[in-house]
Amino acid sequence: METPSSAAEPMLWSGWGDPAKARELPSSVRKLLRDLLGVTDPESAAASFGEVRLPISALPAPVMTRLSTLVGDEHVRCDEDARIRHTRGKSTPDLLRMRAGDGDDAPDAVVLPGSHSEILDLLKLCAEHRVAVVPFGGGTSVVGGLVASRGNFTGVIALDLARLNRVLSVDKVSMIAEFEPGLRAPQAEQILARHDLTLGHFPQSYEYATLGGFAAARSSGQASAGYGRFDDMVVGLTVATPRGTLEFGRAPKSAAGPDLRQVILGSEGAFGVITALQLRVRTAPRSKVYEGWRFESFAAGQVAMRRIAQEGPLPTVLRLADETESMIGLSRPAELGTLAEAGCLMITGFEGSEDDVAHRREAVAALLSELGGTYRGTEPGERWEEGRYSAPYLRDSLLAAGATVETLETAGFWSDLPRLYDAVRLALRATLDDPLVMCHVSHVYATGASLYFTVVAAQDEDPLAQWEHAKRAVNKAIVLTGGTISHHHGVGRDHRTAYASEIGDLGVEILRAIKGRLDPYGILNPGVLIP
Ligand SMILES: Cc1cc2nc3c(=O)[nH]c(=O)nc-3n(C[C@H](O)[C@H](O)[C@H](O)COP(=O)(O)OP(=O)(O)OC[C@H]3O[C@@H](n4cnc5c(N)ncnc54)[C@H](O)[C@@H]3O)c2cc1C
């Protein structure tokens with residue numbers, strides 16, 4: 001068994017990430033906000049920690065006593081610091097609420113269990129006393145996945161999995177490692193590196209998100225073309241439910257009935273708590289090359305992506321920015337508005353052995369050149385790689401400057417992609433005043449791809465209502481155009497209605513039936529996922 005060498009640092013409570021990496025808005029961005037979007041509001045400060053309004057902690061005393069007996073006094077926290085840091089996730093509406101000092105959704109207590117059996121006992125206790133339980137990984141949900149509906153529950157606890165942070169075993173013959181769910185991605189990679197291994201899962205939330213959260217929300221990393229989505233990596237799962245333990249995954253593939261791992265992947269804490277994961281691992285890459293290609297248009301770049309996805313070999317990273325995103329180049333904010341170069345930027349990244357990288361680079365380059373791509377060297381790829389986790393830090397400064405910035409994503413089949421792209425942009429333009437809408441193709445498959453949008457608009461007097469209006473319109477547009485309501489962020493609270501349309505009445509019935517069996521009192525993440 002191995003543990004991380006250092007404890008995970010807490011995230012900025014009212015914004016994203018490591019407080020030391022907070023970014024100032026370059027003057028060129030300020031100018032662009034003013035000229036392009038009419039953002040003229042003076043800088044608005046976020047509420048201070050002490051100004052956050054928290055409801056009184058409502059857990060009955062006997063429940064508190066029994067929780068303390070179960071996990072130890074020091075692992076049951078009702079202090080303001082713990083409660084504020086476990087209030088909601090990190091979507092833009094979540095941040096706007098925290099910035100306004102709104103702590104209404106804070107849990108009554110934060111409980112940090114130390115084992116699977118403690119979680120089983122805790123779930124029984126909470127079912128008995130009708131206490132809602134919100135499994136909490138890295139707290140990076142952007143779909144409202146960490147807010148329980150209080151309903152008639154006697155209280156709400158955040159079940160923080162941070163103490164379950166060990167690598168339990170590494171099997172270099174089968175190339176499988178077993179992890180506890182509370183390990184953050186960098187901690188997992190740090191331990192795997194000791195074995196010359198990697199998971200290859202690098203979402204933009206990499207610095208803070210946990211392995212359990214990736215499985216619970218069906219995450220997809222930026223290198224999914226090479227390493228696959230997170231759900232592709234899951235070989236086995238152990239889950240604690242109010243009814244007992246589930247264990248799935250005893251062979252690489254099986255014809256023994258439906259694959260019940262799929263019921264847990266994407267279940268967002270509503271069916272049980274993932275307490276261990278067996279994941280496929282890879283040899284750490286010897287060689288890494290990132291480069292850039294230019295295409296005349298988004299359409300031409302998409303044709304090239306599709307051909308690569310269908311004919312192979314695939315790069316490890318494959319992304320294509322539309323004209324607006326290519327021009328704005330968010331990874332280079334100092335140059336906003338000055339990039340004269342038109343066209344669309346594609347990033348291709350290759351990781352693996354020297355031979356494998358050389359072979360795939362050559363084949364991909366031949367196909368991209370044949371399909372109209374112009375090679376731009378390694379500089380754009382290296383710049384992308386260097387800045388891959390930095391954009392979320394800019395969001396905090398933009399919010400403070402009076403601009404709303406949010407991201408959203410969907411996926412569809414190749415033949416539907418242009419309609420999906422148009423429909424989402426139209427919905428945003430119809431509901432926001434002259435927004436800046438950027439998009440890139442973020443993950444590719446033989447049959448289709450996902451579209452990832454970033455939108456920036458001047459805040460009106462009620463930015464929360466303003467965004468909710470736009471988001472409703474986008475959800476509707478995605479449903480009507482036949483895309484999925486989420487390719488990798490999940491359902492949470494924000495996508496429940498659209499999810500119901502996507503799976504139909506019978507699909508909703510099945511979900512409710514599973515929930516009823518595993519969690520008869522509905523204590524697990526009430527209000528999340530299940531329509
Ligand atoms: C800036 C930013 C960038 C992002 N980029 C990406 C990206 O590139 N790709 C991507 O896929 N996502 C991305 N996300 C979304 C988010 O990081 C993912 O959804 C991630 O999977 C959540 O992991 P987490 O550990 O933070 O989970 P949390 O946010 O803590 O939880 C997510 C959901 O899973 C449940 N849950 C958590 N742990 C468990 C468990 N052990 N058992 C059962 N249920 C559990 C929670 O109750 C909640 O409903 C991004 C988010 C942000 C804020």
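- Listed by first and then second residue, the ring pair (Phe, Tyr, Trp, His ring centres under 6.0 Å) pairs that reach into residues 111-142 are His86-Phe136, sequence neighbours excluded.
- Atoms OG and NZ, from Ser267 and Lys515 in turn, are 9.0 Å apart once rounded to the nearest 0.5 Å.
- For the residue pair Tyr452/Thr407, the side-chain donor-acceptor check at 3.5 Å is satisfied.
- With hydrogens and angles disregarded, a donor-acceptor distance shorter than 3.5 Å links the side chain of Glu409 to the backbone of His488.
- Residue Glu24 places its CD atom among 12 or fewer non-hydrogen atoms of other residues, nucleotides or ligands, all under 6.0 Å distant.
- In terms of modelled atom types and a separation under 3.5 Å, the side chain of Arg77 and the main chain of Leu112 share no donor-acceptor contact.
- A donor-acceptor contact shorter than 3.5 Å links the side chain of Thr410 to the backbone of Thr484.
- Side-chain contact between Arg229 and His487 is present, with at least one heavy-atom pair separated by less than 4.5 Å.
- Sequence neighbours left out, the pairs with a member in residues 254-265 that pass side chain to side chain donor-acceptor pair (under 3.5 Å) are Arg218-Gln262, Asp259-Arg261.
- Trp16 and Tyr393 have perpendicular rings, their planes meeting at more than 60° on a 0 to 90° scale where under 30° would count as parallel.
- The environment of CZ in Arg194 is crowded: more than 12 heavy-atom neighbours from other residues, nucleotides or ligands sit within 6.0 Å.
- Listed for the Arg184 side chain is no donor-acceptor partner under 3.5 Å among the backbone atoms of Gly182.
- Defined by atom type and a distance below 3.5 Å, a donor-acceptor pair is present between the side-chain atoms of Ser224 and His443.
- A salt bridge is absent between Glu385 and Lys288; no separation between the charged side-chain nitrogens and carboxylate oxygens falls under 4.0 Å.
- Counting only heavy atoms from C-beta outward, the side chains of Leu246 and Val263 never approach each other to under 4.5 Å.
- Other residues, nucleotides and ligands contribute over 12 non-hydrogen atoms within 6.0 Å of the CD atom of Glu311.
- In this structure, CG on Leu529 lies 12.5 Å from NE2 on His495, to the nearest 0.5 angstrom.
- In summary, the side chains of Thr87 and Asp105 do not present any donor paired with an acceptor at a separation below 3.5 Å, with no hydrogens or angles considered.
- Not one N or O on the side chain of Glu268 forms a donor-acceptor pair closer than 3.5 Å with the backbone of Gly145.
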Run the side-chain donor-acceptor check on residues 90-97: report pairs under 3.5 Å with partners two or more places apart or on a different chain.
{"residue": "Lys90", "atom": "NZ", "partner": "Leu12", "partner atom": "O", "Å": "2.9"}
{"residue": "Lys90", "atom": "NZ", "partner": "Trp13", "partner atom": "O", "Å": "3.3"}
{"residue": "Lys90", "atom": "NZ", "partner": "Gly15", "partner atom": "O", "Å": "2.8"}
{"residue": "Ser91", "atom": "OG", "partner": "Asp94", "partner atom": "N", "Å": "3.1"}
{"residue": "Ser91", "atom": "OG", "partner": "Asp94", "partner atom": "OD1", "Å": "3.4"}
{"residue": "Ser91", "atom": "OG", "partner": "Asp94", "partner atom": "OD2", "Å": "3.1"}
{"residue": "Thr92", "atom": "OG1", "partner": "Arg395", "partner atom": "NH1", "Å": "3.2"}
{"residue": "Thr92", "atom": "OG1", "partner": "Val405", "partner atom": "O", "Å": "2.5"}
{"residue": "Thr92", "atom": "OG1", "partner": "Glu406", "partner atom": "OE1", "Å": "3.1"}
{"residue": "Asp94", "atom": "OD2", "partner": "Gly89", "partner atom": "N", "Å": "3.1"}
{"residue": "Asp94", "atom": "OD2", "partner": "Lys90", "partner atom": "N", "Å": "3.3"}
{"residue": "Asp94", "atom": "OD2", "partner": "Ser91", "partner atom": "N", "Å": "3.1"}
{"residue": "Arg97", "atom": "NH2", "partner": "Glu468", "partner atom": "OE2", "Å": "3.2"}

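- Within 6.0 Å of the CZ atom in Phe49, the count of heavy atoms belonging to other residues, nucleotides or ligands exceeds 12.
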Can you check side-chain contact (heavy atoms from CB on, under 4.5 Å) on Leu161 and Thr210, steps first, answer last? CA-CA 9 Å; Leu161 296 150; Thr210 62; over 6 Å; no

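- The side-chain heavy atoms of Val131 and Leu67, taken from C-beta on, include no pair separated by under 4.5 Å.
- No side-chain donor-acceptor contact under 3.5 Å links Gln187 to the backbone of Arg166.
- No donor-acceptor pair closer than 3.5 Å links the side chain of Asp160 to the backbone N or O of Val110.
- With sequence neighbours excluded, no residue forms a side chain to side chain donor-acceptor pair (under 3.5 Å) with Glu80.
- Here the CD atom belonging to Glu178 is positioned 10.5 Å from the CG atom belonging to Asp171, to the nearest 0.5 angstrom.
- Legend: side chain to side chain donor-acceptor pair (under 3.5 Å) pairs involving residues 132-150, not counting sequence neighbours, sorted by first then second residue: Asp108-Arg150, Ser149-Arg493.
- For Gln310, the CD atom sits in a packed shell: over 12 heavy atoms of surrounding residues, nucleotides or ligands are nearer than 6.0 Å.
- The number of heavy atoms from other shown groups lying within 6.0 Å of CZ (Arg130) is above 12.
- We find the CG-CG distance between Leu277 and Leu199 to be 9.5 Å, quoted to the nearest 0.5 Å.
- For the pair Asp102 and Arg88, the salt-bridge criterion is met [side-chain N within less than 4.0 Å of a carboxylate O].
- Electrostatic pairing of Glu128 and Lys124 does not count as a salt bridge here, judged by no charged N lying under 4.0 Å from a carboxylate O.
- Ser450 and Ser442 are linked by a side-chain donor-acceptor pair at a separation below 3.5 angstrom, with hydrogens and angles left out of the test.
- A donor-acceptor pair is defined here as one N or O able to donate and one able to accept, closer than 3.5 Å; no such pair exists between the side chain of Arg243 and the backbone of Pro520.
- When each of Arg361, Arg319, Arg383 is tested with Glu291 by the rule salt bridge (charged side-chain N to carboxylate O under 4.0 Å, His left out), just one qualifies, namely Arg361.
- Remark: side-chain polar atoms of Glu502 are paired, donor with acceptor, to backbone N or O of Ile485 under 3.5 angstrom.
- Within the structure, ring pair (Phe, Tyr, Trp, His ring centres under 6.0 Å) pairs that include any residue of residues 181-205 comprise His201-Phe214, His201-Phe230, Phe202-Tyr206 (at least two apart or interchain).
- A donor-acceptor contact under 3.5 angstrom links the side chains of Tyr290 and Glu351, judged on distance only.
- Panel note: side chain Glu325, backbone Ala321; no donor-acceptor pair is recorded below 3.5 Å.
- In this structure, CD on Gln204 lies 13.0 Å from OG on Ser220, to the nearest 0.5 angstrom.
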